[in-house]
Structure formats: C-alpha cells, structure tokens
Amino acid sequence: MAKTRGAFVYENRNSAFQRLHPTTRTVFILVVICIAFCIQHPALLLLLYILTLAVAFSAKMSKKMLLVYFGLIGTGALISFITWLPFGSGVGGTVYYESAKLFGMSIAFSTTGFMWAATIGLRILISSLPIFLYISTTKLREMSIGFHSLGLPFTACEMFTLAFRFVPLVQNDASTITEAQKARGLDFSEGGAMQKFKKYAAILTPMIFMSLRRIQSVSNALDTKAFRNSSCKHRFYKPPKYRTVDKVLIVTCVLVFCLALAARFAGLFIIVPGRL
C-alpha cells in the first residue's frame, strides 16, 4: 500500500508478529482490550501493559506511531488519572483527606481512590496500544480476513476496511485543495478567528463534494461487482494458512480471557465493587 502524506499506513517490518495469521493478530488485540476491562487491580493491569508493550516493540512499530501513541494516549491517560484521583469518597481504604459535601459529593483522597485512578489510566493505555499495533502491522486485506474468520459478515468487514482507505484519501484532498486555494491568493494566516473560520469554508466545501463524488464512484464499482448479492459466498484469493504457532496462540489467548472473566465473576482482584 502506498504511503500517503500525513496518514498512518501499514509498514512491513518482517517481524514475528506480522508473520502470524491475521486471525491470530485480531484475536490478540480483542483479547487484550477485553481483559483490560475485566481486571480492576492496577498491578495486574501494569503487568498486562508491559506484556503488550513488549509485543509492540518486538513487532517493530514505527517511531511515528509510538510517538503519537505516547503523546496522545499517554496524555489522555494522565488526565484521566488526575481527574479520577479526587473521587475517592465511599470507595473504601484509608482516607487521607475529605472535603465537605457539595450537592451530595465530596472531594476525597484515599488509597482505594488512588488505585482506581491508576486503573482508569492503565485501561486507556492498554486498550489503545493494540489498536495502534494492529493498524501499523496489518494490511487492510488481512483485517478483512481476520474479522471475517471470526464470524463477522464479509460486507461489514469490507465496509470497515473501506473506512480506513478513505482516511488518507481525505487527507490528500485537504492538502491539494489548500495548496490550490493558496495559489489563488487565499491567505489563511491573515484576519481574526472568525475570518479564518470563514476562509476554511473554502476548503471544507470542495472536500465535501469530492467525498460525495468518490462515494458515488465506489458505490457504482461495488454494484458492478455484485457486492450486494448475499447468495454468493465470498472467498479470499490465496488466504494465508494457519500454522501451529497460530493455533497455540489463539487457544492461549482464549484461555487467558476465560480465566480473567472467571476471576471477575468470582470477585477476585476487585478494587471497587459495582464498577466496571
């Protein structure tokens, strides 16, 4: 797949993770995300995060993806931790400070509140990293194979991959339109906030019409290929074959998820009962 300016695209790093079957990679990211919301204890979540980070580094994720992940998601996790930290009232543990109640709520700092805030931050980090890893190490065709092999209808899989294909195309359209408007003398750096907002309409309007035209072209192309014909069972051309390591990893992921789910229903490693 050709690289597109400003877009995150698949990069062939020839790593062990990329050599896995698409279904194995899909099961891995889904299991990691689900386990992150089955576990509440921050120590176990930290262990899961370290394991996921090790897989990401072994898969040779691009530095660009890692910088965006740590900059964007890391900041979001830190903000979530700070936001949840004062809500330590009524969750148990040692309370270090608690203010007077206002509208039935109070600001409190406690040991359990600190652990719950850490849990929220770690969940954001864990649930986001597999998505970045999956996008950067899996081709769009492999995404369709992975989700389709798990029972998702082929139509839904194709719509999912088409949505990813549109992102770099829209970015290219925005860049092309911006350069064309600048060539016509439109200066986006002049004027106040309202004037700049009106100037950006000169980019947004052509983008909308170009996107509608592309959607119509894609729709006609899908119709000519009988994409709506539900009686025709789709088969992928030369799909990858499962290896022994794929089967072992899939079974291991499913077993670990079942253990995490059983531990949750048994009430093990629960920080705040009644919360997800």
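Positions are given from 1, in the same order as the sequence printed here.
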(request) Taking the side chain as every heavy atom from C-beta outward, state whether Y134 and R25 have any atom pair closer than 4.5 Å. (result) yes
(request) Answer yes or no: is there a side-chain heavy-atom contact under 4.5 Å between R19 and V245? (result) no
(request) Can you see which heavy atom on Q18 is nearest to which on S136, and at what distance? (result) NE2-O, 4.1 Å
(request) Take F132 and V68, measure what side chain to side chain contact (heavy atoms under 4.5 Å, CB included) needs, and give me the verdict at the end. (result) CA-CA 9 Å; F132 280 79; V68 172; 4.0 Å; yes
(message) Please tell me whether V254 and F265 are part of a single hydrophobic cluster in this structure, the criterion being side-chain heavy atoms less than 4.5 Å apart.
(response) no
(message) Membership question, hydrophobic clusters at under 4.5 Å side-chain separation (ILVMFWY): are I250 and F257 in the same one?
(response) no
(request) Following the transitive rule for hydrophobic clusters with a side-chain heavy-atom cut-off under 4.5 Å over Ile, Leu, Val, Met, Phe, Trp and Tyr, establish whether F37 and I73 coincide in one cluster. (result) yes
(message) Measuring only between side-chain heavy atoms, which start at C-beta, is V55 closer than 4.5 Å to P130?
(response) no
(request) For residues H41 and M115, determine if any side-chain heavy atom of one lies less than 4.5 Å from a side-chain heavy atom of the other. (result) yes
(request) Kindly indicate, with the supporting measurements, whether the criterion side chain to side chain contact (heavy atoms under 4.5 Å, CB included) is fulfilled by L45 and T119. (result) CA-CA 7 Å; L45 287 173; T119 297; 3.4 Å; yes
(request) Side-chain contact test, heavy atoms from C-beta onward, threshold under 4.5 Å: evaluate it for L150 versus L30 and give yes or no. (result) yes
(request) Find the distance between OG1 (T26) and CE (M143) and round it off to the nearest 0.5 Å. (result) 8.5 Å
(message) Would you say that F147 contacts T23 through its side chain, given a criterion of any heavy-atom pair below 4.5 Å between the two side chains?
(response) no
(request) Could you walk me through whether F57 and L66 pass side chain to side chain contact (heavy atoms under 4.5 Å, CB included), step by step? (result) CA-CA 9 Å; F57 281 115; L66 287 173; 3.8 Å; yes
(message) If we count only N and O atoms by modelled type, under 3.5 Å, do the side chains of N220 and Q216 hold a donor and an acceptor together?
(response) yes
(request) Locate the shortest heavy-atom distance separating S15 from S58; write the atom from each residue and the value. (result) CB-O, 3.6 Å
(message) Check this for me, if you would: do K241 and D246 make a salt bridge, where the nitrogen-to-carboxylate-oxygen distance has to be below 4.0 angstrom?
(response) no
(request) Check L125 against A77 and note the closest heavy-atom contact, atom names and distance. (result) CG-CB, 3.7 Å
(message) Rounded to the nearest 0.5 Å, what separates atom CD1 in I82 from atom CD1 in I120?
(response) 14.0 Å
(request) Say whether V31 and V248 are linked into one hydrophobic cluster, either directly or through other cluster members, by side-chain heavy-atom distances under 4.5 angstrom. (result) no
(message) To the nearest 0.5 Å, what is the distance between CD1 on I29 and OG1 on T138?
(response) 7.5 Å
(message) Count I, L, V, M, F, W, Y as connected when their side-chain heavy atoms are under 4.5 Å apart, and connections chain through other members. Are I177 and L212 then in the same cluster?
(response) no
(request) Indicate the atoms forming the closest heavy-atom contact of R123 with I39, along with that distance. (result) NH2-O, 2.8 Å
(request) Given side chain to side chain contact (heavy atoms under 4.5 Å, CB included), test F28 with L20 step by step and report yes or no. (result) CA-CA 11 Å; F28 173 77; L20 294 175; over 6 Å; no
(message) Within this structure, what is the CG-OG1 distance for the pair L78 and T83, rounded to the nearest 0.5 Å?
(response) 9.0 Å
(message) I want to check something: taking the side chain as every heavy atom from C-beta on, are H21 and I145 in contact at a cut-off of under 4.5 Å?
(response) yes
(message) Looking at every heavy atom in both A36 and I126, which two are closest together, and how far apart are they?
(response) CB-CG2, 3.7 Å
(request) Verify, without hydrogens or angle tests, whether S175 (side chain) and N172 (backbone) share a donor-acceptor contact under 3.5 angstrom. (result) no
(message) Just verifying a value: how many Å separate M207 CE and T176 OG1, rounded to the nearest 0.5 Å?
(response) 10.5 Å
(request) Check the side chains of T24 and Y242 for a donor-acceptor pair under 3.5 angstrom, ignoring hydrogens and angles. (result) no
(request) Could you pull out the closest heavy-atom pair between S128 and I124, with the gap in Å? (result) OG-O, 2.8 Å
(request) Please tell me if the side chains of S149 and P22 come closer than 4.5 Å, counting only heavy atoms from C-beta onward. (result) no
(request) Measure the CD1-CG distance between I131 and L133 for me, rounded to the nearest 0.5 Å. (result) 10.5 Å
(request) Please indicate whether F114 has more than 12 foreign heavy atoms, meaning atoms of other residues, nucleotides or ligands, lying under 6.0 Å from its CZ. (result) no
